Trainee: 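Submitted below is the structure of interest, expressed as C-alpha cells.
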Number of protein chains: 2
Amino acid sequence: MDDMDRRIIGLLAEDSRRALADIGGLVGLAPSSVNERIRRMVAAGVIRRFTVETDPSALDLPLLVFLRLVLRPEADATAFRQAIAGHPRILECHHVTGAWPWLIKLRVETVAEIEVALDQIRASGFLGQHETTIALSSAVAGVFVPATMP
Amino acid sequence: MDDMDRRIIGLLAEDSRRALADIGGLVGLAPSSVNERIRRMVAAGVIRRFTVETDPSALDLPLLVFLRLVLRPEADATAFRQAIAGHPRILECHHVTGAWPWLIKLRVETVAEIEVALDQIRASGFLGQHETTIALSSAVAGVFVPATMP
DNA sequence: GGTGAAATTCAGCGAGG
DNA sequence: CCTCGCTGAATTTCACC
C-alpha cells in the first residue's frame, strides 16, 4: 500500500471500468504493472469488490432512516447481530458509544416500511427502547450500493 | 426499470467486472441486450458509476464516527451545506428529524482527527451544540468507497 | 427491445531487459 | 518495473427482426 496504490484506488473509485492503459497513463505506470497492483490489492482484501453505485430513489428506496436502540437487558448481543445480518433494508448496524448503544441505517420505500422493519427487529425478542430519525435531505448523500440477492 | 434491470443491477453490485455474456446467461438475454440495458441505466442516472468497495482500515481510516449537531440560530443552512461539501473525511451529512437536526458520518485515522474535523466544522461559524459517537464494532458494516481526489 | 455476427479493443501471459 | 508480442476473450456496433 504505497501512494501509487492509493492513486490507483482513487481512479478505480471514480470509474472501475477504466482500461488499465488509461490508469497507467494517469499514474505513470505500464498497464501490466497497474494490473499487477490491482491483483495484489484484491488478493490482500484492500479492494473487496468491484461494484456499482446507484440512485436509491430509482430503486424505490427513497427514504433514509436511522434507528437508535437499546437491547433488552437479558438480550444476547451476538444473537442480535445474527438476527439483523442479511436484512435487505438494513444498510448498516453499528455498536456505538453513548446512551443508545445501537445505530441502524435503513433504506425503505414508504414510512409504513419503517414500522415493518421495526416489527421484524422486535420479533428477534431483543428490542428495548428505540428512537426513529428520518432524513429530510442530504448535504453529502453517501454511496448507495444495492443489496445482493441471496 | 423493469425486473430484468433490477436483476442486472444486483449482479453488477456483486461484481461489476462480470462479462456481459455471463450476466446474459444468468438473466436470459444476449450480451448485446445486457449492454444496451446497462447503457440506458447509466444514461438515466440509475447507475451513477462503476466503482470499488475497499477496506477502510487498509486505507488508514479505521475509526467510524457519528456527529449529531445543531447549527447556531443565525446560521444559514445553505452555507453550511456548502462548507462541509467536499470535506475528505465526511462520508455523509443528513438533515434529519429530531432534536439534533444534523447527522454527520465520518471516517478518520485517529481520535485526534475527530477533533480536527470538529474544529474545521466550527471554523465555518455555524456550529452550535454537538455530540460525538464512536462506533465500537459493526454488525453490518456498510459499503466504503474511498473519496475521489479533486 | 431483442438478436447474432462482425469489427475493435482489451486483458492476460511469458520471455527478456 | 517496463517492453514486446501474442492469444483468447470481451466490448461495441450494426443491420435486421
Side-chain angles (χ1 to χ4, degrees), chain A residues 1-62 109 143-150, chain B residues 1-61 143-150:
Chain A
M1 274 310 298
D2 59 1
D3 213 61
M4 193 63 83
D5 280 340
R6 262 178 279 272
R7 290 178 66 192
I8 292 172
I9 284 195
L11 291 168
L12 288 175
E14 278 180 15
D15 178 8
S16 65
R17 292 195 304 181
R18 218 184 232 118
L20 300 178
D22 286 358
I23 299 171
L26 289 166
V27 302
L29 285 179
S32 59
S33 305
V34 176
N35 194 24
E36 176 62 14
R37 280 175 177 269
I38 293 174
R39 198 198 57 73
R40 273 205 307 269
M41 288 193 283
V42 171
V46 177
I47 295 176
R48 292 191 172 145
R49 60 171 164 169
F50 291 75
T51 187
V52 281
E53 178 186 354
T54 60
D55 176 2
S57 297
L59 270 69
D60 299 324
L61 296 169
E109 181 171 10
V143 176
F144 176 65
V145 171
T148 39
M149 343 252 177
Chain B
M1 273 310 298
D2 59 3
D3 212 60
M4 193 63 82
D5 281 340
R6 261 178 279 272
R7 291 178 66 192
I8 292 172
I9 283 194
L11 291 168
L12 288 175
E14 278 180 15
D15 179 9
S16 65
R17 291 196 304 182
R18 200 178 250 127
L20 301 177
D22 285 358
I23 299 172
L26 289 167
V27 302
L29 285 179
S32 56
S33 304
V34 176
N35 193 26
E36 175 64 12
R37 279 176 177 270
I38 293 174
R39 197 198 58 72
R40 273 205 307 272
M41 288 193 283
V42 171
V46 176
I47 294 175
R48 292 192 171 143
R49 60 171 163 167
F50 291 75
T51 185
V52 283
E53 178 186 355
T54 59
D55 177 2
S57 297
L59 272 68
D60 299 323
L61 296 169
V143 177
F144 176 65
V145 170
T148 27
M149 342 253 177

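Residue numbers begin at 1 in each chain, while the letters A, B, ... track the order of the sequences. Note that the structure is a prediction, hence the values are computed from the model and not measured.
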Trainee: Rounded to whole Å, please give me the gap between CG in A/Asn35 and C1' in C/dG12.
Mentor: 7 Å
Trainee: Determine the minimum heavy-atom distance between A/Val34 and A/Gly24, stating which atoms define it.
Mentor: CG2-CA, 3.6 Å
Trainee: Which pair of non-hydrogen atoms, one from A/Phe50 and one from A/Ser16, has the smallest distance, and what is that distance?
Mentor: CD2-CB, 3.7 Å
Trainee: Going by salt bridge (Lys or Arg N to Asp or Glu O under 4.0 Å), name the residues that satisfy it together with A/Arg18, two or more places apart in sequence or in a different chain.
Mentor: A/Glu14
Trainee: Using a 3.5 Å limit on both pairing distances, list the dot-bracket string of DNA chain C from the 5' end; Watson-Crick and G-U wobble pairs count, crossing pairs take [ ], interstrand pairs take |.
Mentor: |||||||||||||||||
Trainee: Can you run down the side chain to side chain donor-acceptor pair (under 3.5 Å) pairs that involve residues 41-51 of chain A, sequence neighbours left out, and say none if there aren't any?
Mentor: A/Arg48-B/Asp55, A/Arg49-B/Glu53
Trainee: Using a cut-off of strictly less than 4.0 Å between a heavy atom of the residue and any atom of DNA chain C, enumerate the qualifying residues of residues 37-47 of chain A by number.
Mentor: none
Trainee: My understanding is that only one of B/Arg40, B/Arg39, B/Arg37 makes a salt bridge (charged side-chain N to carboxylate O under 4.0 Å, His left out) with B/Asp5; could you say which?
Mentor: B/Arg37
Trainee: What residues in residues 8-32 of chain B put a non-hydrogen atom under 4.0 Å from any atom of DNA chain D?
Mentor: B/Arg18, B/Ala19, B/Leu20, B/Ser32
Trainee: Would you call B/Ile47 and B/Leu12 a side-chain contact if the rule is heavy atoms closer than 4.5 Å?
Mentor: yes
Trainee: Taking side chain as C-beta onward, heavy atoms only, is A/Asp15 less than 4.5 Å from A/Asp22?
Mentor: no
Trainee: Does B/Arg6 have any salt bridge (Lys or Arg N to Asp or Glu O under 4.0 Å) partners at least two apart in sequence or in another chain, and if so, which?
Mentor: A/Asp60, B/Asp3
Trainee: CD of B/Glu36 versus P of D/dA10: gap in Å, rounded?
Mentor: 20 Å
Trainee: Return the minimal non-hydrogen interatomic distance between B/Thr148 and A/Gly10, and the atom names on each side.
Mentor: CG2-O, 3.8 Å
Trainee: Would you please test A/Ile8 and A/Met41 for side chain to side chain contact (heavy atoms under 4.5 Å, CB included) and show each step?
Mentor: CA-CA 10 Å; A/Ile8 292 172; A/Met41 288 193 283; 4.1 Å; yes
